[in-house]
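Residue numbering restarts at 1 for every chain, and letters A, B, ... go by the order of the sequence lines. The analysis underlying the following values was restricted to heavy atoms, covering all of them including side chains, and did not include hydrogens, waters or symmetry mates.
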Amino acid sequence: MIDLKDLRENPDRYRNGVRDKCMDVDVDRLLALDEARRAILARQETARAEQNRLSKEIGPRIGQLKGKLKGAAGEEKDRLEIEIATLEAKPAQLKAEVAEEERHMGAIEPEWRALWLQVPQPPSNDVPKGKGSADNIEIRRWAPKSWDFSKSFVQNRGFMPRNHLELVKLHGLVDFERGVKMAGTRHYVLTGLGLRLHQAVLRYAVDFMADRRGFTPMGVPVLVKEECMVGTGFFPAGREQAYHIEESKRGSGHDLFLTGTGEVGLMGLHADEILAAEQLPLKYCTVSTCFRREAGAAGRDTAGLYRIHQFDKVEQVVVCKADDAESRAWHKQMIETVEMILQSMGLAYRLLQCCTGDLGVKNEDMIDIESWMPGRGEGGEFGETHSASRLNDFQCRRLNLRYRDESGKMRFAYALNNTVAASPRILIPLLEMHQQEDGSVLVPEVLRPYMGGIAKIG
RNA sequence: GGUGGGGUGGCAGAGCGGUUGAAUGUACCGGUCUUGAAAACCGGCAGACCCGUCAGGGUCUCGAGGGUUCGAAUCCCUCCCCCACCGCCA
C-alpha cells in the first residue's frame, strides 16, 4: 500500500511506477476520488464539530427543561414543549447533513479503497526498465569447478543426461500417477528416498538459517484470514492464485485461505504492532507447505516437479528500519545466503536482475536466482528456484507494522524476503546435476547427515 | 459442540447516558536531588485522518458493525475474539 500523501505530492512517481511495471491501474482516478473524499470529509467534519459544540451548549438546557416538563401543566407545559422542540430542531438538521455526507462517502469509498490497494510500489530507480521476464538482466553466474557453462552436459560429464522425470522413476522417488489419482493434476507423492531427500534439503536450509545466519525459525499458520493475505500484499491481485476455504458458508467464522508462501505467516506475525527500534531487524525463517492454484498457467510445465500445487519451502524475511541503505544491505546478505547454500550443494546458478515489468505489486526490486537444470528444455535450461525482493514500506504499511525510531517518531518498517530452498523444485537440479552415468545420483555431502548418511541414490 | 465469564490506553484497572480520549497505578521519557544509582518529588506520555505556510484548529477510535438519543465507553441488536469448565479428539 502506498502513501497517499506522497501520491498527492508526487503523482508522476506512481503514474510512472504503474507504467514501468506494465500494470493497468488508474492513478488519476484514485487522485480524483481522493480529492472528492477529502472534500466530503471536510464538510462532514464541520457539521459534526457544530453538532458537538451545540450538544454541549444546549444539551444540559434540554435536560433541565425536560425535568421541569414533568411537573408542569397547562400553558406552562405547552411553553416548555415548544422551547424543547426549538432547541432540538437545530441538531436534527445537522444530523441530516452528516447523514447526507455519509451517503456520499459510501458512494465513493469502496472504489477509492480498492484502487488504493492496487497502486503498486514504484520500482527503485536503478531497476532496469522492461516488459517482462524476457527483459531481465543476468548479473552473474556460478558453477562448481566440475561444470563449464559453455559446454553441454555431454561435454562436461561424458554421457547423456536423464531428466528428473526419468531419474525419479528409476529410483522410485516420486509417484505422479497416484498423486493425480488422489488430488488431480499437478499433484504427486514423494516416496521413500524421494521424501527423505526433500526433507534433507529443508532441514539443511532451516539449520543453515538458524545456526549460520542467526535467523529465528518459526512455525506459522498456512491457513490464514483474508486480512493477512491483503496485508501481505498478495490480495487482491493474487486472489486467483490462492485456495479458498469457505468456512463462512458453514454458518459462522470467517473464510480462510491457504498461503502460497511462508512469507505470509512470517510477515503477518507483527501486523498492527508497534515495535521498538531495538527490536529491529527481525530475522525470521520458516518451513511451510505452500499451496498455489497456478491459475493461468494451464499447459505450462505440466510434467514433473517444476510447477505443482503443493510444495514445501524454507523462506526468509527481514523487517528492518525504514532505511534504503540498510534494506539494500539485507537484500545482498539474503542473496549471499542462498548462494552459499546452492554452492554447498554443488548446484550451478545465475542471478537475474528482474526488470520493472517482471516485478509484482509489492516490490521495488527483485533478484531471481535460477538454477541450471540439465534436463529442462533442449539441452538444459535455467529454472527459477529463488526470488529475493525488497519491498520498501509497501508491505508494512498494509500490515500496519510500525516502529518508533530513535526520535520517537512512528515509522513503517521496511521488509524483504527471499526463498531459502523450495522443494521439490530444487530436487530437479539436485538430481540432474548429480546424476552419474549409470543413473545413480550422488547426494551432496551437506545433505548426507539428513539422509541417514546415504551418499548415493541407486 | 455445551455452559459460564470477559473484551477500555504499553501493561494493570476504574468508569456504566452529558463537563471522559478516558480516573488511578505501573512502565516509559525529561528534569530536580545524588559522587553514581535507587528512592522521593516535578513535568511529559495514544493513534489515524482532515484543514492550515506557521501557530493552531477539527473529526474519528473504549473488540467489529448497526441502532436508540439533542448527546453513547456507558442502553439495545448482530457478529467476532479471548478465558474457564464440561464433552469429543490428532
Side-chain angles (χ1 to χ4, degrees), chain A residues 1-9 30-70 80-106 108-110 112-113 116-117 219 221-228 230-231 245-257 268 270-280 289 393 396-413:
Chain A
M1 181 152 63
I2 58 150
D3 182 359
L4 282 179
K5 266 190 213 133
D6 195 46
L7 173 70
R8 276 175 225 138
E9 283 159 24
L30 176 60
L31 280 165
L33 286 171
D34 183 59
E35 203 178 325
R37 199 186 82 94
R38 280 181 297 134
I40 293 168
L41 212 54
R43 286 196 297 274
Q44 197 181 33
E45 286 182 1
T46 307
R48 257 204 254 266
E50 179 64 8
Q51 204 178 16
N52 288 342
R53 196 188 60 75
L54 220 55
S55 161
K56 268 184 197 152
E57 194 179 287
I58 66 172
R61 175 85 186 128
I62 290 175
Q64 243 176 30
L65 292 172
K66 280 191 173 168
K68 275 192 197 165
L69 190 61
K70 276 181 197 155
L80 284 170
E81 274 174 351
I82 290 169
E83 194 174 348
I84 289 170
T86 315
L87 283 172
E88 284 183 354
K90 209 162 180 193
Q93 185 204 326
L94 285 167
K95 204 177 166 181
E97 258 175 61
V98 170
E100 173 71 11
E101 296 302 344
E102 213 145 81
R103 268 194 301 281
H104 291 153
M105 191 62 101
I108 65 164
E109 199 147 37
W112 171 78
R113 184 165 297 281
W116 187 13
L117 285 176
V222 294
L223 200 52
V224 301
K225 296 184 197 168
E226 182 163 10
E227 297 102 273
C228 211
V230 174
I245 315 291
E246 295 184 286
E247 279 299 290
S248 60
K249 283 196 172 164
R250 292 185 159 181
S252 74
H254 35 246
D255 283 4
L256 291 164
F257 296 86
H270 296 286
D272 294 317
E273 290 185 20
I274 299 165
L275 303 170
E278 307 86 74
Q279 287 176 266
L280 301 178
T289 304
D393 66 1
C396 291
R397 209 173 262 284
R398 285 201 184 209
L399 286 165
N400 195 26
L401 195 172
R402 294 169 296 172
Y403 72 98
R404 237 178 253 284
D405 70 13
E406 289 75 2
S407 64
K409 194 175 171 329
M410 205 74 92
R411 309 204 59 171
F412 289 107

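Base-pair partner of rC49(B): rG58(B) (Watson-Crick or G-U wobble, both distances under 3.5 Å). With a cut-off of 3.5 Å on both pairing distances, rU69(B) has no Watson-Crick or G-U wobble partner at all. Base-pair partner of rC28(B): rG44(B) (Watson-Crick or G-U wobble, both distances under 3.5 Å). Using the Watson-Crick or G-U wobble rule with both distances under 3.5 Å, rU35(B) pairs with nothing in any strand shown. Judged by Watson-Crick or G-U wobble contacts below 3.5 Å, the nucleotide rA84(B) has rU3(B) as its partner. Nucleotide rC79(B) forms a Watson-Crick or G-U wobble pair with rG63(B), both donor-acceptor distances falling under 3.5 Å. The base-pairing partner of rU74(B), taking Watson-Crick or G-U wobble contacts with both distances under 3.5 Å, does not exist among the strands shown.
As a whole-Å value, the separation of Met410(A) CE from rA46(B) P is 10 Å. Atom CG in Asp255(A) sits about 17 Å away from atom P in rC79(B), given to the nearest Å. Atom pair Arg411(A):CZ and rA48(B):P shows a separation of 13 Å (rounding to whole Å applied). Per the geometry, CG belonging to Leu41(A) stands 7 Å off C1' belonging to rC49(B), to the nearest Å. Following rounding to the nearest Å, Glu101(A) (CD) and rC51(B) (P) show an atom-to-atom distance of 15 Å. Atom CG of Asn400(A) is separated from atom P of rC49(B) by 10 Å (rounded to the nearest Å). Remark: P of rU59(B) and CZ of Arg37(A) are 17 Å apart, rounded to the nearest angstrom. Rounded to whole Å, atom C1' of rG47(B) lies 17 Å from atom OH of Tyr403(A).
Taking each heavy atom of Gly268(A) and Leu399(A) in turn, the nearest pair found is CA-CD2, 4.3 Å.
Distance noted for atom P between rU24(B) and rU78(B): 37 Å (whole Å). One P atom belongs to rC85(B), the other to rA14(B), and the distance between them is 22 Å to the nearest Å. Look at the C1' atom in both rA48(B) and rG66(B): the space between them is 22 Å, to the nearest Å. With P as the reference atom, rG5(B) and rG58(B) are 42 Å apart, rounded to whole Å. rC76(B) and rA40(B): their P atoms are spaced 43 Å apart (whole Å). Atom name C1', nucleotides rG25(B) and rU74(B): the rounded distance is 23 Å, in whole Å. Distance noted for atom P between rU68(B) and rC77(B): 15 Å (whole Å). rG21(B) and rG71(B) are spaced 16 Å apart, taking the P atom of each and rounding to whole Å.
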Dump the intermediate steps for side-chain contact (heavy atoms from CB on, under 4.5 Å) on Val224(A) and Leu256(A), then the final yes or no.
CA-CA 5 Å; Val224(A) 301; Leu256(A) 291 164; 5.7 Å; no
Verdict with reasoning, Arg402(A) to Asn400(A), per side-chain hydrogen bond (donor to acceptor under 3.5 Å, both in side chains)
CA-CA 6 Å; Arg402(A) 294 169 296 172; Asn400(A) 195 26; 3.2 Å; yes
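Proximity of Trp112(A) to Leu30(A): side-chain heavy atoms (C-beta onward) are separated by under 4.5 Å at one or more points. Using a 4.5 Å heavy-atom cutoff, the side chains of Leu223(A) and Phe257(A) are not in contact. The shortest distance between side-chain heavy atoms of Glu100(A) and Glu97(A) does not fall below 4.5 Å. Put simply, the side chain of Leu117(A) reaches to within 4.5 Å of the side chain of Val230(A), judged on heavy atoms.
OP1 or OP2 of rG71(B) has not a single side-chain nitrogen or oxygen of Arg48(A) nearer than 4.0 Å. Dashed line: the shortest gap from a side-chain N or O of Arg402(A) to OP1 or OP2 of rA48(B) is under 4.0 Å.
Between Arg38(A) and Arg404(A), the residue anchored nearer the 5' end of RNA chain B, judged by the nucleotide with its closest heavy atom, is Arg404(A). Between Glu50(A) and Asp34(A), the residue whose closest nucleotide on RNA chain B is further toward the 5' end is Asp34(A).
No contact: Arg397(A) has no heavy atom under 4.0 Å from any strand.
Counting only heavy atoms from C-beta on, Asn52(A) has its side chain closest to rC60(B) among rC49(B), rC60(B), rA48(B). Out of rA48(B), rU59(B), rC50(B), the shortest distance to the side chain of Lys5(A) is found at rC50(B).
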